[in-house]
Amino acid sequence: MKNFGKNMMLEFDDAFEIVMSSARLLGTEHVGIDQALNRVLAEDVLSDIDVPPFNKSAMDGFACRRADLANELTMIETIPAGYMPEKTIGQNQCAKIMTGAVVPEGADCVIMVEYTEKLSERTIHFTGRETSGNICFKAEDITAGDIMIRRGTRIKPEHIAVLASVGCVTPLVARQPKVAIIATGNELVEPAVRPANSQIRNSNSYQLTAQLTEAGAIPHYYGIAADTEPAIDSILKEAIADSDVILLSGGVSMGDFDLVPKMLRENNIKLIFEKVAIKPGKPTVFGVSDEVFCFGLPGNPVSTFVVFEILVKPFLCRMMAHEFKPFTIPLPLEKAISRRRTERMSWIPVAFTDSGGVTPVEYHGSAHINALCGADGLIAVPAGVTEIKEGTCVDVRQI
Ligand code: AMP
Ligand code: MG
């Protein structure tokens, strides 16, 4: 793979293409249906049966022949759900039937109990003017052999119902990438500690853990590496030995102690690019080796969040053969956005308004940790664009 060097800034689309095309599948495994939520199916799931499996009554009522609706009907059997009828409905006969029960031979409709009158212990007549059939026919929803869920689908609760209904109790799913998280920075302390002067709480590692879990990967947090070569080296070696993907945050900018790219190279990770024309997220680094993929993410929490969302998440999904499609909605922008510098694509946090549009949230930059909490989505301002006018329809990518 081509190496774009330290000073070359890639357009986002090019960086995305490079990352996505380098994704590798990790194999498959069977999991119990109770563990399948959010996993990605690795094979098409077929139905092993017809659904409904028999002509089924949609109502509580009486199964009879439409031709006899004007006549007094003699009840010959009662058919609860889960019972196989023993008799065939003949002329002027009916069977009392419950919702979900098997419609007996000979009957071509079920009249609702509400439209009948009891004439004697064993006879009824129809009091309505007309009736629908009220029969769900065998195989009208699904025929045995139909594809129920396609390979590559991320399993949601409604898919679990389908898996259960076709007896697929141990679906074949994609293996989940094991993803290492490494924080870097001398200033970082863990969240339980109250930061002293000059210290910052490590929020990225926990945000990334949550984002990874939501994306269906397996996060593994390796801790904080100080901004020294040996500290980064030893934690990196540990992570390389046991991960499919490594996410480092911090240490990728131009400062004297931004050592991550150097340490990746020293661990035989080939750096493909080191700058992307996005804001936030410019110093994003992507590296590969035979064993592992590495992303060096900028340290500010909003940058880490956005780069994970737009670049890392689609990549991880591809590693599970799932094509991630962000949920985007076109909505009118209710407050203009303008900027002076336009060489990068900007991602701006926005919130839905009561009037059905979106508006930018208060946002001071990529260190503004709570700005995203008030946002419902992100909009992209393309490189080269200085202003998006009020009233313009913008694509809102939900977060
Ligand atoms: P860096 O990319 O290392 O230059 O970091 C950029 C900014 O992000 C600095 O203000 C760091 O203190 C902050 N930062 C780096 N890592 C983290 C982290 N894990 N959690 C919160 N903030 C961080
Ligand atoms: Mg740093």
Side-chain angles (χ1 to χ4, degrees), residues 6-7 9-10 15 179-214 217 219-236 238-239 243 245-267 269 271 273-287 294-313 344 346-347 349 363-373 375 399:
K6 192 159 99 192
N7 297 315
M9 184 160 78
L10 266 66
V179 185
I181 300 166
I182 301 171
T184 71
N186 287 339
E187 75 281 28
L188 299 179
V189 292
E190 291 295 11
V193 177
R194 192 180 171 83
N197 290 340
S198 82
Q199 292 183 327
I200 295 273
R201 282 198 177 107
N202 169 22
S203 52
N204 285 341
S205 299
Y206 302 94
Q207 176 174 251
L208 285 170
T209 299
Q211 285 180 295
L212 285 164
T213 305
E214 227 175 45
H220 187 146
Y221 176 44
Y222 280 80
I224 299 170
D227 289 316
T228 67
E229 293 186 7
I232 298 174
D233 188 59
S234 80
I235 212 163
L236 196 53
E238 243 186 280
S243 313
V245 179
I246 300 174
L247 306 181
L248 297 109
S249 74
V252 285
S253 324
M254 302 299 281
D256 292 352
F257 301 98
D258 290 328
L259 302 168
V260 166
K262 174 165 189 240
M263 297 321 294
L264 288 172
R265 268 190 218 97
E266 288 192 6
N267 279 279
I269 312 284
L271 299 192
F273 59 77
E274 297 181 49
K275 279 192 183 64
V276 185
I278 47 175
K279 186 181 173 164
K282 178 172 152 184
T284 296
V285 173
F286 178 59
C294 293
F295 290 87
L297 307 175
N300 275 315
V302 178
S303 314
T304 307
F305 180 93
V306 170
V307 176
F308 183 92
E309 182 63 32
I310 64 176
L311 193 63
V312 182
K313 180 155 95 179
R344 292 187 271 159
S346 278
W347 287 90
Y363 175 51
H364 308 151
S366 59
H368 190 178
I369 192 148
N370 55 332
L372 289 177
C373 299
I399 52 172

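Numbers here simply count residues along the sequence, with the first being 1. Note that ligands are numbered from 1 as they come in the structure, with each ligand's atoms numbered from 1 the same way.
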* **N/O donor-acceptor pair under 3.5 Å between N267 side chain and L264 backbone** => no
* Which residues satisfy the salt bridge (charged side-chain N to carboxylate O under 4.0 Å, His left out) test with K279, sequence neighbours excluded? -> none
* Residue list, ring-ring contact (aromatic ring centres under 6.0 Å, His included) with F308, at least two apart or on another chain -> none
* **side-chain contact (heavy atoms from CB on, under 4.5 Å) partners of K282, counting only residues at least two apart** => M9, K275, R344
Nitrogen or oxygen contacts under 3.5 Å, ligand 1 side and protein side:
{"from": "ligand 1", "atom 1": "2 (O)", "to": "G299", "atom 2": "N", "distance (Å)": "3.0"}
{"from": "ligand 1", "atom 1": "3 (O)", "to": "G251", "atom 2": "N", "distance (Å)": "2.8"}
{"from": "ligand 1", "atom 1": "4 (O)", "to": "S253", "atom 2": "OG", "distance (Å)": "3.4"}
{"from": "ligand 1", "atom 1": "8 (O)", "to": "G299", "atom 2": "O", "distance (Å)": "3.3"}
{"from": "ligand 1", "atom 1": "8 (O)", "to": "N300", "atom 2": "N", "distance (Å)": "3.2"}
{"from": "ligand 1", "atom 1": "8 (O)", "to": "N300", "atom 2": "OD1", "distance (Å)": "3.2"}
{"from": "ligand 1", "atom 1": "12 (O)", "to": "E187", "atom 2": "OE2", "distance (Å)": "2.5"}
{"from": "ligand 1", "atom 1": "14 (N)", "to": "G299", "atom 2": "O", "distance (Å)": "3.2"}
{"from": "ligand 1", "atom 1": "19 (N)", "to": "N202", "atom 2": "OD1", "distance (Å)": "2.9"}
{"from": "ligand 1", "atom 1": "19 (N)", "to": "N204", "atom 2": "ND2", "distance (Å)": "3.3"}
{"from": "ligand 1", "atom 1": "20 (N)", "to": "S203", "atom 2": "N", "distance (Å)": "3.0"}
{"from": "ligand 1", "atom 1": "20 (N)", "to": "N204", "atom 2": "N", "distance (Å)": "3.3"}

* To do: Answer whether the closest heavy-atom distance between the side chains of V252 and D258 falls below 4.5 Å.
  => no
* Is it true that R201 and E190 make a salt bridge, defined as a side-chain N closer than 4.0 Å to a carboxylate O? -> no
